[in-house]
Every structure is written in structure tokens, then in C-alpha cells.
Engineer: 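Before we start, here is the structure in question, set down as C-alpha cells.
Residue numbers start at 1 and run along the sequence shown.
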Amino acid sequence: MLGTHRLLSLHDLPRGMVCLLETKASLLLGFITGVPASKKIAERDLKAMDKYKTLIKKVGEKLCIEPAVIAGIISRESHAGKILKGGWGDNGNGFGLMQVDKRYHKLQGTWNGEAHITQGTTILINFIKRIQKKFSNWTKDQQLKGGISAYNAGDGNVRTYERMDIGTTHDDYANDVVARAQYYKQHGY
């Protein structure tokens with residue numbers, strides 16, 4: 001069952017107020033697919049994610065972005081660090097919980113520290129701002145989701161709202177991250 005969901009927009013709603021953002025996650029987990037699969041994976045990552053909850057919330061507060069969105073990206077990128085080898089993933093190119101790509105960014109901090117989470121979140125915010133300029137007619141929710149997609153595949157990959165995930169990892173990045181973020185929001189992020 002794919003529901004229609006919204007997650008907090010960045011600049012047009014009071015912080016902490018949860019709305020629903022449309023998501024059509026297409027992950028496959030055994031016999032579970034879509035949003036339920038995304039939320040099940042988020043649930044599996046929760047214990048590991050909770051080790052970073054204080055840092056995630058601190059960075060979210062500092063940068064005015066929902067901590068649940070940061071947690072959703074961390075879950076998708078590194079399963080809260082569970083799949084990393086010495087802090088590295090993506091064939092040695094992705095660094096840390098948020099898998100900042102060393103080919104495009106000067107890495108900051110330790111793989112699981114505040115400086116790293118701040119860097120990854122700042123990269124996300126910059127993509128959201130690019131999508132806001134590129135698609136000024138989109139709603140804030142759509143721009144947020146477009147920025148999440150761009151975090152994975154770049155803002156040049158985001159051409160339409162309906163097909164923004166085509167070209168992202170497994171063609172479902174933003175939808176999956178939003179579904180995971182919704183789960184983390186329900187768990188205090």
C-alpha cells in the first residue's frame with residue numbers, strides 16, 4: 001500500500017510541526033516493497049542511529065533542518081554506519097555516516113562526528129537552495145524532496161517532480177529517504 005505522505009518543509013512551517021510529503025518509495029525488502037520496506041529498513045537502523053541522535057538533533061537545530069531528514073539520509077547512505085569499513089563506503093569514495101564524496105568535497109571531521117554531519121547537511125541545504133532557484137514554482141515540500149534527490153545524483157539530474165528519482169541510486173533515493181525520515185520523526189528525531 002502506497003500512501004500519500006508529507007514531511008516538514010524547511011522554511012514555511014513552524015519547526016517540529018509534521019506534515020505529509022508525497023512518497024512512493026520503491027525499495028524491495030524480501031516480500032515488502034515501497035514505503036513499508038523503507039520504514040522497515042529505518043527500523044532496523046534505529047538502534048545504531050540512536051547513538052548519533054544527539055548530534056543529529058544538534059546539527060538540525062543549528063542549520064534549521066529537520067533532524068529526521070538528516071537521519072533518513074544517514075540511514076540510506078550508511079545504515080547509521082553499520083555498513084562502513086573504517087568510516088568509508090562507496091568503493092572508498094564515500095566518507096562517513098552521510099557518505100560525503102571525497103572526489104567532490106574536502107572532507108571535514110571524523111566519519112561519525114558533528115563536523116561531518118554538519119558538512120553533509122550543509123551540502124544537502126545547498127542542493128535544496130539550488131532546486132528552489134531552478135524550480136521556483138514548486139511547493140516548498142517539492143523543493144525539499146528535489147534537494148534530497150540532488151544530494152544523491154546532483155541538481156542537474158532533477159528535471160521534473162514526477163521523475164526526480166530517475167538516475168538516483170536504484171531510482172528511488174528521495175522517496176526512500178522521505179519514508180525513512182517519516183519513521184525517524186515518529187521516533188523523536
Engineer: Do the non-hydrogen side-chain atoms of L84 and N112 ever get within less than 4.5 Å of each other?
Structural biologist: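 Counting from C-beta outward, L84 and N112 never come under 4.5 Å.
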Engineer: Suppose the criterion is ring pair (Phe, Tyr, Trp, His ring centres under 6.0 Å): which pairs have a residue in residues 51-76, not counting sequence neighbours?
Structural biologist: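 The answer is none; no pair qualifies.
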Engineer: After noting the C-alpha distance and the side-chain angles of L46 and Y183, does the key distance pass the side chain to side chain contact (heavy atoms under 4.5 Å, CB included) rule?
Structural biologist: CA-CA 9 Å; L46 182 61; Y183 176 85; 3.6 Å; yes
Engineer: Please test R180 against M49 for side chain to side chain contact (heavy atoms under 4.5 Å, CB included), starting from the C-alpha separation and ending with a verdict.
Structural biologist: CA-CA 12 Å; R180 293 181 197 214; M49 190 71 69; over 6 Å; no
Engineer: Could you give the distance from CD1 (I74) to CD (Q99), rounded to the nearest 0.5 Å?
Structural biologist: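 It comes to 11.0 Å.
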Engineer: Any pair with a residue in residues 85-115 that passes ring pair (Phe, Tyr, Trp, His ring centres under 6.0 Å), sequence neighbours left out, goes on the list, sorted by first then second residue, please.
Structural biologist: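 The answer is W88-F95, F95-H116.
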Engineer: Evaluate side chain to side chain contact (heavy atoms under 4.5 Å, CB included) for I65 paired with I128, printing each intermediate quantity in order.
Structural biologist: CA-CA 11 Å; I65 189 163; I128 294 166; 4.1 Å; yes
Engineer: Applying side chain to side chain contact (heavy atoms under 4.5 Å, CB included), run through Y184 and I56 and close with a yes or a no.
Structural biologist: CA-CA 11 Å; Y184 290 118; I56 292 167; over 6 Å; no
Engineer: What's the spacing between I117 CD1 and T122 OG1 if we round to 0.5 Å?
Structural biologist: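 The OG1 atom of T122 is 11.5 Å from CD1 of I117, to the nearest 0.5 Å.
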Engineer: Rounded at 0.5 Å granularity, tell me how far CD1 in I148 sits from OG1 in T168.
Structural biologist: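 Taking CD1 in I148 and OG1 in T168, the distance rounds to 11.5 Å.
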Engineer: For the OG atom of S38 and the CG atom of N175, what is their distance to the nearest 0.5 Å?
Structural biologist: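 Reported to 0.5 Å precision, the distance equals 8.0 Å.
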Engineer: Tell me, please, which residues at least two apart from D90 pass side-chain hydrogen bond (donor to acceptor under 3.5 Å, both in side chains).
Structural biologist: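 Here no residue qualifies.
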Engineer: Please check: side-chain N/O of K134 versus main-chain N/O of V158, any donor-acceptor pairing under 3.5 Å?
Structural biologist: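 Yes: the side chain of K134 pairs with the backbone of V158.
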Engineer: Quick one: does any side-chain atom of K85 pair with a main-chain N or O of G92 as donor and acceptor, under 3.5 Å?
Structural biologist: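 Not at all, since once roles are kept as given, no pair shorter than 3.5 Å links the two residues.
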Engineer: Taking N152 for the side chain and T169 for the main chain, is one N or O donor matched with an acceptor at less than 3.5 Å?
Structural biologist: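 Yes; at least one donor-acceptor contact below 3.5 Å.
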Engineer: Looking at residues at least two apart in the chain, or sitting in another chain, which of them share a ring-ring contact (aromatic ring centres under 6.0 Å, His included) with F127?
Structural biologist: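 Scan of F127 (ring-ring contact (aromatic ring centres under 6.0 Å, His included), adjacent residues dropped) gives none.
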Engineer: Hey, could you give me the OG1/CD1 distance between T121 and I73, rounded to the nearest 0.5 Å?
Structural biologist: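 Taking OG1 in T121 and CD1 in I73, the distance rounds to 7.0 Å.
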Engineer: If the condition is salt bridge (charged side-chain N to carboxylate O under 4.0 Å, His left out), which residues does D50 pass it with, not counting sequence neighbours?
Structural biologist: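 For D50, no residue satisfies salt bridge (charged side-chain N to carboxylate O under 4.0 Å, His left out) once neighbours in sequence are set aside.
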Engineer: Just to verify, what does E77 make a side-chain hydrogen bond (donor to acceptor under 3.5 Å, both in side chains) with, not counting sequence neighbours?
Structural biologist: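 Testing E77 for side-chain hydrogen bond (donor to acceptor under 3.5 Å, both in side chains), a comparison that skips the adjacent residues, returns Y173.
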Engineer: Could you tell me whether E61 and K58 have a side-chain N and a carboxylate O separated by less than 4.0 Å?
Structural biologist: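 Not counted as a salt bridge, because no side-chain N and carboxylate O are separated by less than 4.0 Å.
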